[in-house]
Amino acid sequence: MPVQLQVSQVIDRSVEKVFHFYAEEHVRNHPRWDSDIQLKHMTDGPIGIGTLIHRINSRSVTPVEGTMEVVEFEPNRAFGMIIHDGPVEMRGRTTFEAVNDNQTILTTMIEFPGMDDSMDKSFLISRLERSGQIRKQLIELET
């Protein structure tokens, strides 16, 4: 059974602002909340289903190149990707739920098909939570 991680947080901004920052400006903003990641568009135009993004993950000693492909893009609701870090595949999905006009619940889910539940996930969970806190601060300060 693949490992699945999920983290939710309330962001004090409208769902439109959160979606724009997170999904529509993903290539620009993702490296800001996770400094180990570098992204570059491989396809032209705005982000949408089918967009390909070149990815470099430098968490380990040797940087790992890969891709991200947008497989779900529903404005102000959901953003999903298939991520390849070298030979490792991950599936990421983020949902956006309006609490009210000025608050959004952002839920990030990541699935690791190549891992099983017996493996230690504490490092992954701490990274996901840390990135989420940085992202929340950036969104609330800049939008």
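Each residue takes its place number in the sequence, starting with 1.
Contact record, Ile105 with Ser8: CG2-CB, 4.4 Å, taken as the closest heavy-atom pair. Residues Asn100 and Gln103 approach most closely at OD1-N, 3.0 Å, considering heavy atoms. When every heavy atom of Leu5 is checked against every heavy atom of Leu128, the shortest pair comes out as CB-CD2, 4.1 Å. Nearest heavy-atom pair across Val10 and Glu140 is O-OE2, 4.2 Å. Minimum heavy-atom separation, Trp33 to Ile134: CA-CG2, 3.6 Å. Minimum heavy-atom separation, Ile47 to Ala23: CD1-O, 3.5 Å.
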| message | Before you tell me yes or no, could you show the steps for Arg127 and Arg59 under side-chain contact (heavy atoms from CB on, under 4.5 Å), namely the whole-Å CA-CA distance, both residues' side-chain angles and the distance that decides it to 0.1 Å? | response | CA-CA 11 Å; Arg127 294 291 301 199; Arg59 282 191 191 105; 3.0 Å; yes
| request: For Lys40 and Ile53, run side-chain contact (heavy atoms from CB on, under 4.5 Å): C-alpha distance rounded to whole Å, both residues' side-chain angles, the deciding distance at 0.1 Å, then the answer. | output: CA-CA 6 Å; Lys40 183 178 178 183; Ile53 300 164; 5.9 Å; no
| task | Show your working on side-chain contact (heavy atoms from CB on, under 4.5 Å) between Val71 and Met81 and close with a plain yes or no. | result | CA-CA 5 Å; Val71 295; Met81 296 190 156; 5.5 Å; no
| Residues Arg135, Leu138; criterion side-chain contact (heavy atoms from CB on, under 4.5 Å); working and verdict | CA-CA 5 Å; Arg135 183 175 53 238; Leu138 288 169; 5.6 Å; no
| said: Please evaluate residues Tyr22 and Phe96 with respect to the criterion ring pair (Phe, Tyr, Trp, His ring centres under 6.0 Å), reporting the C-alpha separation (whole Å), side-chain torsions for both, the decisive distance (0.1 Å), and the verdict. | reply: CA-CA 10 Å; Tyr22 185 96; Phe96 306 80; 5.7 Å; yes
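Side-chain N or O atoms of Gln9 include one that pairs as donor or acceptor with a backbone N or O of Gly132 at under 3.5 Å. A donor-acceptor pair is defined here as one N or O able to donate and one able to accept, closer than 3.5 Å; such a pair exists between the side chain of Thr51 and the backbone of Gly48. Checked by atom type and distance alone, the side chain of Thr108 never pairs as donor or acceptor with a backbone atom of Val7 at under 3.5 Å. Remark: side-chain polar atoms of Glu111 are not paired, donor with acceptor, to backbone N or O of Gln4 under 3.5 angstrom. With hydrogens and angles ignored, the 3.5 Å screen pairs no side-chain donor or acceptor of Asp85 with any backbone N or O of Val88. A donor-acceptor pair under 3.5 Å is formed between the side chain of Thr43 and the backbone N or O of Leu52.
No side-chain heavy atom of Glu16 sits under 4.5 Å from any side-chain heavy atom of Thr104. Considering only heavy atoms from C-beta on, Val15 stays 4.5 Å or farther from Glu97 through its side chain. Inter-residue side-chain proximity for Gln38 and Arg55 is flagged as unmet; no heavy-atom pair is nearer than 4.5 Å.
Under the 4.0 Å criterion applied to side-chain N and carboxylate O atoms, Arg93 and Glu72 are assigned as salt-bridge partners. The pair Glu89-Arg91 meets the salt-bridge criterion, with a side-chain N (NZ, NE, NH1 or NH2) lying under 4.0 Å from an Asp/Glu carboxylate O.
At a threshold of 4.5 Å between side-chain heavy atoms, the hydrophobic network of Ile, Leu, Val, Met, Phe, Trp and Tyr places Val27 and Val64 in two separate groups. Both Ile37 and Ile83 belong to a single network of hydrophobic side chains, linked directly or stepwise wherever heavy atoms of I, L, V, M, F, W or Y lie under 4.5 Å apart.
For the salt bridge (charged side-chain N to carboxylate O under 4.0 Å, His left out) criterion with Glu142, the lone passing option out of Arg32, Arg13, Lys136 is Arg32.
The distance from the CD atom of Glu24 to the CG atom of Asn76 is 7.5 Å, given to the nearest 0.5 Å. Atom CZ of Phe21 and atom CG of Leu106 lie 10.5 Å apart (nearest 0.5 Å). Rounded to the nearest 0.5 angstrom, Glu65 CD and Ser58 OG are separated by 11.5 Å. The CZ atom of Arg28 sits 12.5 Å away from the CG atom of Leu39 when rounded to the nearest 0.5 Å. Note that CD1 of Ile49 and CD of Glu74 are 9.0 Å apart. Values are rounded to the nearest 0.5 Å. Between the CE atom of Met90 and the CD1 atom of Ile110 there is a distance of 7.5 Å, given to the nearest 0.5 Å.
Ring pair His30/His26 is perpendicular by interplanar angle, where above 60° counts as perpendicular and below 30° as parallel.
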